[in-house]
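To start, the structure itself, in C-alpha cells.
Note that this is a predicted model, so its numbers are computed, not measured.
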Amino acid sequence: MNTQELINGCIEIEQAAAHIYSSFMQLFPEERGFWEGLVNDELSHTSFLLEANRVGMFDGVPSEEMLLSGRIIFDTVIFTRNVKKSILYGPVSHEDALKIALKLEETMVEIFTNQLIAKLSHYQSRTALDEMLAAERSHLDKIRNRMIDAGFLKLS
C-alpha cells in the first residue's frame with residue numbers, strides 16, 4: 001500500500017467507527033451521551049484526516065516513517081464492515097457493543113493513527129494535533145470505565 005492508500009484506509013476506519021458508535025447510540029438510548037461523545041470524536045478525527053490530506057500534511061512525512069502495513073488496514077476495514085453487518089442483522093447486547101468498541105479502539109490502526117499524528121506534529125502546528133491525540137487516548141479509558149461500571153470488566 002502506498003501512503004495515500006494507508007491514509008484513505010485510516011479515514012475509512014474512522015468513518016466506520018463513527019457509524020458503529022452511532023448505531024450503538026440508537027440501540028442503547030440510555031447511554032446516548034457516552035456513544036455520542038465517541039461519535040463526535042471519530043467525526044472530528046475523520047475531518048482532521050481529510051483536511052490534513054487535502055492540504056498535503058502527509059506529504060512532509062518521510063515514507064520510512066509510515067510504519068503501518070497494508071494488511072493491518074485491510075483487516076481492520078474488514079472488521080468494521082463485519083461489525084456494521086452484524087448490527088444490522090443480529091441483536092447486539094450492551095456488553096457486546098462495549099467489547100466491539102474496545103477492540104476497535106485497540107486496533108493497530110488506532111495506534112498507527114496516533115503515531116502518524118505524533119509524527120505530523122513535527123511538521124505542523126501542534127494545537128489541533130494535541131487535541132485529537134488527547135481525545136483518542138481518552139476513548140480506551142471511557143470504554144473500559146463504562147465496562148467496569150456495567151460489571152462487564154473487572155480490575156485485576
Side-chain angles (χ1 to χ4, degrees), residues 5-54 57-58 67-121 124-156:
E5 290 169 325
L6 290 172
I7 300 308
N8 288 341
C10 288
I11 290 168
E12 181 176 346
I13 291 163
E14 295 286 352
Q15 290 172 330
H19 181 271
I20 290 166
Y21 297 156
S22 179
S23 296
F24 292 159
M25 188 171 62
Q26 302 304 314
L27 287 172
F28 308 105
E30 68 281 1
E31 299 260 328
R32 181 178 178 82
F34 172 74
W35 294 112
E36 188 172 38
L38 293 174
V39 168
N40 291 336
D41 287 346
E42 298 301 340
L43 291 175
S44 174
H45 299 169
T46 299
S47 294
F48 171 80
L49 290 169
L50 287 167
E51 182 63 14
N53 194 38
R54 186 187 70 75
M57 282 178 71
F58 300 109
L67 302 173
L68 183 65
S69 77
R71 185 81 214 162
I72 294 169
I73 289 279
F74 178 77
D75 289 347
T76 306
V77 167
I78 296 301
F79 170 73
T80 59
R81 288 177 183 168
N82 288 338
V83 167
K84 287 164 65 173
K85 285 179 190 172
S86 73
I87 292 168
L88 284 175
Y89 299 117
V92 176
S93 71
H94 183 224
E95 183 176 6
D96 289 340
L98 289 168
K99 285 180 179 178
I100 289 167
L102 188 61
K103 180 173 176 144
L104 187 55
E105 295 297 332
E106 288 176 337
T107 62
M108 290 300 295
V109 171
E110 290 294 297
I111 293 167
F112 167 74
T113 300
N114 287 339
Q115 289 174 347
L116 177 62
I117 291 166
K119 293 194 184 310
L120 282 174
S121 70
Q124 306 293 330
S125 167
R126 295 190 63 95
T127 306
L129 298 169
D130 288 341
E131 287 176 17
M132 188 170 164
L133 277 172
E136 193 65 51
R137 289 180 181 136
S138 72
H139 287 186
L140 288 171
D141 290 336
K142 286 179 189 177
I143 295 166
R144 284 188 186 117
N145 288 339
R146 187 62 57 159
M147 291 179 82
I148 290 167
D149 291 345
F152 302 136
L153 185 67
K154 306 268 189 268
L155 292 176
S156 310

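- Interatomic distance, CG of D96 versus CZ of F152, reported as 8.5 Å (0.5 Å rounding).
- Considering all non-hydrogen atoms of both residues, I87 and S23 come closest at CG2-CB, 3.8 Å.
- Here NZ of K84 is found 5.0 Å from NE2 of H19. Values are rounded to the nearest 0.5 Å.
- Residues N53 and N8 form a side-chain contact, since some pair of their non-hydrogen atoms from C-beta on lies under 4.5 Å apart.
- Note that OG1 of T107 is 10.5 Å distant from CG of D75, once rounded to the nearest 0.5 Å.
- Note: H45 NE2 to I11 CD1 = 13.0 Å, rounded to the nearest 0.5 Å.
- Counting heavy atoms from C-beta outward, Q26 and R32 have side chains that approach closer than 4.5 Å.
- Side-chain contact between L38 and F24 is absent, with no heavy-atom pair separated by less than 4.5 Å.
- Aromatic ring orientation, Y21 versus W35: tilted (interplanar angle from 30° to 60°).
- Closest heavy-atom contact between R146 and L98: CG-CD2, 3.7 Å.
- The two atoms that bring V92 and F28 nearest to each other are O-CZ, 3.3 Å, heavy atoms only.
- Considering every non-hydrogen atom in both T80 and I20, the closest pair reads O-CD1, 3.9 Å.
- Between the CZ atom of R81 and the CD1 atom of I13 there is a distance of 9.5 Å, given to the nearest 0.5 Å.
- Side-chain contact between R144 and E105: absent, with no pair of heavy atoms (C-beta onward) separated by less than 4.5 Å.
- Between F34 and K142, the closest heavy-atom pair is CE1-O, 3.5 Å.
- For the residue pair S22 and V39, the shortest heavy atom distance occurs at N-CG2, 3.3 Å.
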